[in-house]
Amino acid sequence: MIVVGLEGTAHTLGVGIVESPDKVLSDVRRTYVPKEGIHPREAAQFMGENFGVALDEALDKAGAGFKEVDLISFSQGPGLGPCLRTVATGARALSLHHKIPLIGVNHCVAHIEIGRALGKMKDPLILYVSGGNTQVLKMRDRRYRIFGETLDIGIGNMLDKFGRTTGLAHPAGPKIEELAKKGTTYIELPYGVKGTDLSFSGLLTSAEMEYRTGKPSLEDLCYSVQETAFSMLTEATERALAHLRAREVLLTGGVGNNKRLGEMLSLMSKEHNATFSVPKGYCSDNGAMIALLGMLMHEAGIRQDLKDTGVRQKYRTDAVEILW
Ligand code: AMP
Ligand code: MG
């Protein structure tokens with residue numbers, strides 16, 4: 001079965017073509033780089049302008065044409081309204097023109113499913129960390145239930161905002177990771193864990209205040225931000241792991257690219273005799289994960305009429321019944 005997956009929830013336009021859960025034929029990504037924070041209208045315009053070329057490139061790389069495509073899937077939400085609507089409109093047009101079934105999928109569930117497929121995991125405890133989302137989840141009664149989440153901003157947002165204050169280009173996560181490697185002195189910052197919930201806004205404000213004093217080096221600050229925030233994430237994940245007696249830990253979402261976070265979670269998992277996995281190369285937003293989830297839903301017998309394909313800006317992870 002050949003599925004084209006279209007992603008466009010925030011800054012990345014992704015077109016992925018997948019043949020089976022572990023066979024990705026192509027994965028084209030184009031990322032809008034904002035001067036400041038993401039501007040929804042500009043991001044949506046970027047997606048519209050790049051849609052056709054990205055699609056052609058993905059089909060080319062996969063060596064496929066629409067004649068071979070069995071299903072089109074797209075990110076229905078959550079995300080920025082203008083971006084979601086642009087990509088959904090493109091998806092509907094393709095579906096109608098080529099007479100191929102269309103399915104809208106939950107972006108967060110897609111991050112989880114690609115991790116589960118590549119890590120060959122059955123029932124993992126999941127730490128999902130991206131720009132806007134920070135959640136600790138596990139399947140219960142056919143839904144990915146949220147056992148812990150951020151009470152204010154997402155971890156990626158926190159890193160990107162800190163980057164903006166300190167003059168790092170967007171997205172700041174990878175740059176902070178590089179600078180943190182050169183840090184030597186830990187500066188104490190607010191540690192916001194409440195049970196399995198987290199809070200990053202106090203940590204952000206304090207780190208920005210420290211920066212404005214001009215005293216600590218940016219390397220030390222990046223190191224301290226990472227050590228504090230990632231310890232918080234590891235503590236919340238460990239608490240959920242112990243309560244839920246999980247045997248597997250999955251890290252996914254854009255911040256999952258960070259080696260230091262992976263190292264902390266991997267060590268913690270080992271101490272609990274749990275296996276640890278991260279979908280290398282597929283943590284960031286991409287179309288392949290959207291195609292994969294569309295395929296799983298289609299194979300489980302789920303179908304959508306055109307009228308059910310409206311975008312859902314606040315589409316919660318636990319709103320999806322997992323039938324596969
Ligand atoms: P996503 O929306 O899932 O693609 O995630 C985007 C977020 O991941 C942004 O906030 C980035 O700053 C963050 N990110 C990407 N790479 C890294 C990294 N190596 N370390 C920390 N954060 C990262
Ligand atoms: Mg994402």
Side-chain angles (χ1 to χ4, degrees), residues 1-9 12-30 51 54-76 87-88 90-91 94-95 98-124 126 128 130 137 139 142-144 247-254 256-257 275-304 309 317 320-324:
M1 177 175 201
I2 294 196
V3 187
V4 172
L6 303 164
E7 158 62 25
T9 52
T12 300
L13 170 72
V15 184
I17 303 183
V18 167
E19 194 180 302
S20 63
D22 48 12
K23 190 160 182 206
V24 176
L25 300 180
S26 63
D27 171 28
V28 173
R29 305 175 197 181
R30 300 210 168 190
F51 193 90
L55 181 64
D56 286 347
E57 192 184 328
L59 288 167
D60 233 37
K61 280 193 180 147
F66 272 103
K67 265 197 219 88
E68 286 91 34
V69 175
D70 302 292
L71 178 72
I72 296 170
S73 69
F74 71 99
S75 269
Q76 199 167 11
V87 174
L94 288 174
S95 161
H98 296 287
K99 299 188 175 52
I100 298 169
L102 179 66
I103 196 160
V105 311
N106 180 295
H107 173 91
C108 309
V109 174
H111 270 298
I112 297 172
E113 292 300 348
I114 197 152
R116 206 155 69 113
L118 297 180
K120 305 214 181 317
M121 292 191 146
K122 276 207 179 85
D123 183 20
I126 302 134
Y128 166 41
S130 65
L137 314 109
M139 177 102 76
R142 292 190 165 269
R143 277 170 206 268
Y144 289 115
R247 313 299 319 140
E248 302 161 326
V249 176
L250 171 65
L251 169 65
T252 192
N257 287 310
T275 52
F276 172 73
S277 183
V278 48
K280 221 169 154 254
Y282 294 97
C283 280
S284 298
D285 290 350
N286 64 85
M289 69 181 191
I290 304 302
L292 166 68
L293 178 52
M295 176 183 291
L296 294 173
M297 289 170 72
H298 190 84
E299 284 176 349
I302 299 168
R303 303 288 182 269
Q304 275 178 8
T309 61
T317 316
V320 182
E321 199 177 1
I322 310 298
L323 300 171
W324 46 90

From L293 atom CG to I103 atom CD1, the distance as rounded to the nearest 0.5 Å: 8.0 Å
- prompt: Shortest non-hydrogen contact from A291 to V4?
  reply: CB-C, 4.1 Å
task: For L292 and A117, work out which heavy atoms get closest and say how close.
output: CD2-CB, 4.0 Å
message: What I'd like to find out is whether the side chain of E113 reaches to under 4.5 Å of the side chain of I322, using heavy atoms alone.
response: yes
message: Tell me every residue that passes side chain to side chain donor-acceptor pair (under 3.5 Å) with T252, counting only those two or more places apart in sequence or in another chain.
response: none
task: Supply the atom-to-atom distance L323 CG to R142 CZ, rounded to the nearest 0.5 angstrom.
output: 5.5 Å
field: Check: I17 and K61 side chains under 4.5 Å, non-hydrogen atoms
entry: no
message: I want to check something: taking the side chain as every heavy atom from C-beta on, are V320 and Y144 in contact at a cut-off of under 4.5 Å?
response: no
- prompt: In Å and rounded to the nearest 0.5 Å, what is the CG to CD1 distance from D27 to I114?
  reply: 7.5 Å
- request: Would you check if the side chain of N286 reaches a backbone N or O of S284 as a donor-acceptor pair within less than 3.5 Å?
  value: yes
message: Restricting to side chain to side chain donor-acceptor pair (under 3.5 Å), what partner residues turn up for T12, sequence neighbours left out?
response: T31
query: Are the side chain of R29 and the backbone N or O of L13 linked by a donor-acceptor pair below 3.5 Å?
result: no
Note, R143 side chain near E321 side chain (heavy atom, < 4.5 Å): yes
For S130, all residues meeting side chain to side chain donor-acceptor pair (under 3.5 Å), sequence neighbours excluded: none
task: Would you name the heavy atoms of G256 and V278 that are closest together and state the gap between them?
output: O-CG2, 3.8 Å
query: Which distance, rounded to the nearest 0.5 Å, do you find between the CZ of R247 and the NZ of K122?
result: 13.0 Å
Show every donor-acceptor pair shorter than 3.5 Å between a side-chain atom in residues 65-73 and any protein atom, with sequence neighbours excluded, or say none if there are none.
residue: E68; atom: OE1; partner: G65; partner atom: N; Å: 2.6
residue: D70; atom: OD2; partner: I2; partner atom: N; Å: 2.7
residue: S73; atom: OG; partner: I290; partner atom: O; Å: 2.8

- prompt: Quick one: ring pair (Phe, Tyr, Trp, His ring centres under 6.0 Å) partners of Y128, sequence neighbours excluded?
  reply: H111
Reported CZ-to-CG distance for the pair F276 and L251, which is rounded to 0.5 angstrom: 4.5 Å
field: Residues forming a salt bridge (charged side-chain N to carboxylate O under 4.0 Å, His left out) with D60, sequence neighbours excluded
entry: none
- prompt: Under 3.5 Å, side chain of S95 to main-chain N/O of I100, donor-acceptor pair present?
  reply: yes
field: Distance (rounded to the nearest 0.5 Å) between H107 NE2 and Q76 CD
entry: 13.5 Å
- prompt: Under 3.5 Å, is there a donor-acceptor pair between the side chain of S26 and the main chain of A58?
  reply: yes
- line: Nearest heavy-atom contact between A288 and Y282 is CB-CE2, 4.0 Å
- request: Check whether any side-chain heavy atom of M121 sits under 4.5 Å from a side-chain heavy atom of T275, and report yes or no.
  value: yes
Heavy-atom closest contact (L118 atom, P279 atom, distance): CD1-CB, 4.0 Å
- prompt: Do the non-hydrogen side-chain atoms of F74 and L94 ever get within less than 4.5 Å of each other?
  reply: no
query: Looking only at atom types and distance, does a side-chain atom of E248 sit under 3.5 Å from a main-chain N or O of D123, one as donor and one as acceptor?
result: yes
- prompt: Applying the side chain to side chain contact (heavy atoms under 4.5 Å, CB included) test to V105, which of M297, M295, M289 qualifies?
  reply: M297
